[in-house]
Amino acid sequence: MTTVPLLAATSPSAAIAFVEIGVVVLGLSVLARFAGRLGITAIPFYLLAGLAVGEGGLAPLDLSEEFISLTAEIGVLLLLLTLGLEYSADELRAGLRTGAASGSIDAVLNFTPGFVAGLLLGWDITTAALLGGVTWISSSGVVSKVLHDLDRFGNRETPVVLNLLVLEDLAMALYLPVLGAVIAGTAVIATLVNIGVALAVVAFILAMALRWGHVLSRLLAPASDEALLLSIFGMTLLVGGIAQQVEVSSAIGAFLVGLALSGPVQLRASPLVHPLRDLFAATFFFFFSFQLQPGAVFGALLPAGVLAVVAIVTKVATGWLLASHVGTRARLRAGTTLVARGEFSIVIASLGAAGAFATDLQGLAAAFVLLTAIVGPLMAKYVDRLSLAERGTAPAAA
Amino acid sequence: MPDVTETQLPGVGVRHEFETSAGERVAILAHRGGRREVLVYDASDPDRCTTVLHLSSDDTRTLAEMLGASQVSQALSAVEQQVEGLAIDWVTVAQGSRMAGETIGSSNLRAHTGASIVALVRDKETIAAPGPEHELVPGDVAVAVGTPDGLQEFRDLLSA
């Protein structure tokens with residue numbers, strides 16, 4: 001008679017996995033502290049850590065990839081869930097009503113650099129469109145951290161910045177499923193059908209979330225924190241999984257779950273989900289670059305540098321154009337605050353994992369995010385000083 | 001009172017802003033979780049805040065108390081936030097109201113409108129949770145809790 005282990009936590013293979021994961025997560029925690037001290041986001045450090053212990057890195061680790069890759073995928077879902085939780089249905093409706101012009105300016109100015117660069121590098125159109133997404137979407141995580149650290153929530157240019165983040169999120173809700181359908185499709189007709197199905201599903205869930213979200217929220221309202229966390233986590237995986245089944249990106253499913261929650265439940269859910277998100281998302285960034293050859297990233301530094309310079313200019317221009325009602329310095333602040341790209345660029349790049357130019361895309365995206373996520377917050381911090389120095393005025397005492 | 005402008009900050013909260021009589025721009029940013037920021041704008045760059053004061057919900061209450069805001073309204077707004085769909089209103093009993101002279105019990109206000117009187121303010125004195133024997137005297141301010149529709153009827157009955 002064979003005995004089936006009831007609890008795998010006692011098995012030797014689990015022991016090894018625990019040690020590996022423990023070492024990695026402890027390493028990430030040191031990096032997160034270091035980044036906190038420097039006052040910048042930890043994402044670039046997570047990426048570098050993944051490279052360092054990945055294949056061909058400084059100290060290659062033989063990690064149980066299956067477990068980590070699942071954790072990383074959950075990280076993407078939670079990133080998108082918290083993004084959806086960020087905004088109420090009213091704010092999204094307001095964004096949809098008033099933001100078409102600003103959203104289009106942002107899309108044209110910031111999608112184009114990546115798309116053109118992809119074509120110039122000789123990639124196929126799909127991969128180039130993914131690179132366009134990489135340069136397009138600002139990192140809402142980094143942007144809100146910058147606004148918080150520099151105490152700029154009250155500034156007059158800040159509503160423009162925040163509104164643009166809402167619009168980019170809505171744009172992602174269309175962009176991700178469309179790209180997902182294109183990647184999954186083979187023939188032109190099948191791809192078109194896929195896109196149609198994907199958009200219909202997103203429109204349907206979005207409409208349901210905006211109209212009936214409060215019912216779901218009311219159902220969840222009496223739950224204890226524990227039950228609430230479990231139901232949100234369960235729903236996120238369930239809807240994400242179903243969305244993936246019908247060829248809509250699972251990330252969008254998670255995003256829509258976040259959107260559907262509103263009112264007091266939304267307020268309670270954010271602090272519950274955030275620690276979980278931080279844990280899984282750190283694994284995601286780490287694992288993304290863990291799979292890459294360091295050569296693919298460092299070899300891409302030159303094109304990524306050029307692309308970063310262009311994409312920084314276009315993002316500053318976007319902020320400048322949209323914040324037309326405030327003064328020169330505020331317009332520059334709006335632009336530089338938006339420069340950093342981060343989590344979504346990496347999520348988009350990871351979509352193209354099956355393409356012919358996947359390694360090139362992911363290497364370039366990692367290098368590009370490393371550069372903009374470090375330079376962006378620094379630019380946002382020092383732009384005031386620069387523009388003050390230009391005018392020869394002494395900075396006001398804080 | 002100066003004009004107060006409201007700005008929605010998606011994902012963050014709402015900002016209320018006005019200009020003081022001394023000409024300084026001041027704003028209060030209410031974060032969604034209940035945190036507040038008190039902001040004072042820079043005279044040389046009016047788009048930027050020079051002073052930012054971070055307040056927890058408790059700090060906000062303390063500051064409001066020191067500035068002289070009524071604790072009654074604070075407590076009531078807390079109730080209002082907890083109970084969704086309910087509203088609170090202060091209604092003065094008008095001179096010609098047919099409810100003037102009735103007691104709370106005989107007025108049947110609660111049966112008619114669904115709104116309950118949770119306090120009566122008479123000559124700056126507050127009667128909390130008044131019983132049915134209390135008389136509604138013209139000039140009394142009744143603090144009532146009910147649905148927005150119920151409160152509308154309540155106001156109509158006390159004003160005419």
Rounded to the nearest 0.5 Å, what separation is found between the CZ atom of A:Arg156 and the SG atom of B:Cys49?
8.0 Å
Bottom line for B:Arg32: the part with an atom under 4.5 Å from chain A's heavy atoms is both
Would you mind telling me which of B:Gly34, B:Pro46, B:Ala27, B:Gly13 has the largest number of heavy-atom pairs within less than 4.5 Å of chain A?
B:Pro46
Can you tell whether the side chains of B:Asp45 and A:Arg333 come within less than 4.0 Å, N to carboxylate O?
yes
Determine which residues belonging to residues 162-175 of chain A lie within contact range of chain B, meaning some heavy atom pair is under 4.5 Å apart, and list them by number or answer 'none'.
A:Leu162, A:Asn163, A:Val166
Chain A contacts: which residues in residues 102-117 of chain B have a non-hydrogen atom closer than 4.5 Å to it?
none
Write out, in numerical order, the residues from residues 77-86 of chain A with a heavy atom short of 4.5 Å from a heavy atom in chain B.
A:Leu85, A:Glu86
Heavy-atom count check: over 12 atoms from other residues, nucleotides or ligands less than 6.0 Å from B:His16 NE2?
yes
Mark yes when over 12 heavy atoms from residues, nucleotides or ligands other than B:Glu133 sit less than 6.0 Å from its CD; otherwise mark no.
yes
For atom CD of A:Glu226, decide whether the heavy atoms of other residues, nucleotides or ligands shown that lie under 6.0 angstrom number more than 12.
no
Looking only at heavy atoms, the pair that brings A:Gly154 and B:Leu29 closest together is N-CD1, 3.9 Å
Just wondering, are more than 12 heavy atoms of other shown residues or ligands nearer than 6.0 Å to CD in B:Glu19?
yes
Going by side chain to side chain donor-acceptor pair (under 3.5 Å), name the residues that satisfy it together with A:Asn155, two or more places apart in sequence or in a different chain.
A:Glu157
A:Glu91 side chain to B:Gly11 main-chain N or O, any donor-acceptor pair under 3.5 Å?
yes
Closest non-hydrogen atom pair between A:Phe153 and B:Leu9, with its separation
O-CD1, 3.6 Å
Could you grab the distance from atom CZ of B:Arg48 to atom OG1 of A:Thr158, nearest 0.5 Å is fine?
12.0 Å
When you compare the side chain of A:Arg329 with that of B:Asp47, does any pair of heavy atoms fall below 4.5 Å?
no
